[in-house]
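Side chains are part of it too, since the values below use all heavy atoms of this structure and drop only hydrogens, waters and symmetry mates. Sequential numbering from 1 along the given sequence is applied to the chain's residues. Everything quoted here is computed from the prediction, not taken from an experiment. When a ligand or atom number is given, it counts from 1 through the structure's own listing order.
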Amino acid sequence: MSATQTANHIASRSERFKDLQKTLVLVKPDAVTRGLIGNIVNRFENRGLAIKGMKLIQMDDKLAGNLYAPHEGKPFYNDLVSYMTSGPIVCLCLEGVNAISIVRTMMGATNPVEAAPGTIRGDFAQRLDCNCVHGSDSPESASRELPIFFGEGEILDYDPCHTHSL
Ligand code: IDP
Ligand code: MG
């Protein structure tokens, strides 16, 4: 069978990419200070997720309060904001088919004690309050969280070379 004939059996590109999503990932201060940025980013790249936005920042209370607004009033909220503002973080906008669920699965359970080996938290974290990564937990969260970290022009539109053959 020729390449042209084979191509007829593959769904159209728009069909294959209909579940393309963008999600926010943060490499938290504990992972940055431990020198794990490359390791964590590498996992996402290996999985085929495209980095569409990326920067190193240190959050202030306002920014952290905005990100964690859904947790305001919970017993761990103040400690969470203190920890997340304690040092630099890496902000990533990752794009891929079903990226939100894929990232959450790669992160592992919130509590590292329950995180499976092979996940980021299962491989690198021990404590609930220092669990290496944040990832948006739903399309609604991604839509709310991405603009907190990325302004106009900071999320770039390009086609990663591997998507040409996906
Ligand atoms: P997630 O990061 O897996 O989405 P969330 O429930 O959204 O988990 O909680 C946000 C962050 O707050 C967690 O990643 C963790 O660092 C911290 N956290 C959550 N629950 C607790 C707790 O009971 N005690 C201390 N810190 C917590
Ligand atoms: Mg969350």
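- Here Lys28 has side-chain heavy atoms under 4.0 Å from ligand 1, and that is the only part of it that gets that close.
- Proximity of Asn131 to ligand 1, defined as any heavy-atom pair under 4.0 Å, is confined to the side chain (atoms from C-beta onward).
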- [ ] Check the pair Ile89 / Ile57 against side chain to side chain contact (heavy atoms under 4.5 Å, CB included), numbers first and verdict last.
- [x] CA-CA 6 Å; Ile89 60 166; Ile57 64 161; 3.7 Å; yes
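- The distance from ligand 1 to the heavy atoms of Arg104 drops below 4.0 Å at these ligand atoms: 1 (P), 3 (O), 4 (O).
- Of the heavy atoms in Arg121, only side-chain atoms (C-beta onward) come closer than 4.0 Å to ligand 1.
- Judged by the shortest distance from any of its heavy atoms, Asp137 lies outside the 4.0 Å radius around the atoms of ligand 1.
- For atom 25 (C) of ligand 1, the closest non-hydrogen atom of the protein is Phe76 CB, 3.4 Å.
- In this structure, Arg127 pairs ionically with Asp129, as a charged nitrogen and a carboxylate oxygen lie closer than 4.0 Å.
- Rounding to the nearest 0.5 angstrom, the gap separating the CZ atom in Arg43 from the CG atom in Leu49 is 13.0 Å.
- Within the set Asp129, Leu128, Asn111, the minimum heavy-atom distance to atom 16 (O) of ligand 1 is found for Leu128.
- Atom CG of residue Asp159 and atom CD of residue Glu95 lie 8.5 Å apart, to the nearest 0.5 angstrom.
- With values rounded to the nearest 0.5 angstrom, Ile100 atom CD1 is found 6.5 Å from Ser138 atom OG.
- The distance from atom OG of Ser86 to atom CE of Met59, rounded to the nearest 0.5 Å, is 9.0 Å.
- Of all protein heavy atoms, the one closest to atom 9 (O) of ligand 1 is His71 NE2, 3.5 Å.
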Open item on the list: Evaluate Leu24 against Phe150 for side chain to side chain contact (heavy atoms under 4.5 Å, CB included), listing each step before the verdict.
Closed with: CA-CA 10 Å; Leu24 175 76; Phe150 294 99; 3.9 Å; yes
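- Given atom 11 (C) of ligand 1, the protein heavy atom at minimum distance is Leu80 CD1, 3.9 Å.
- Looking at His134 next to ligand 1, no N or O pair under 3.5 Å apart turns up.
- Inclusion of Thr110 in the set of residues having an N or O under 3.5 Å from an N or O of ligand 1 is warranted.
- Taking the side chain as every heavy atom from C-beta outward, Leu63 and Leu67 never approach each other to under 4.5 Å.
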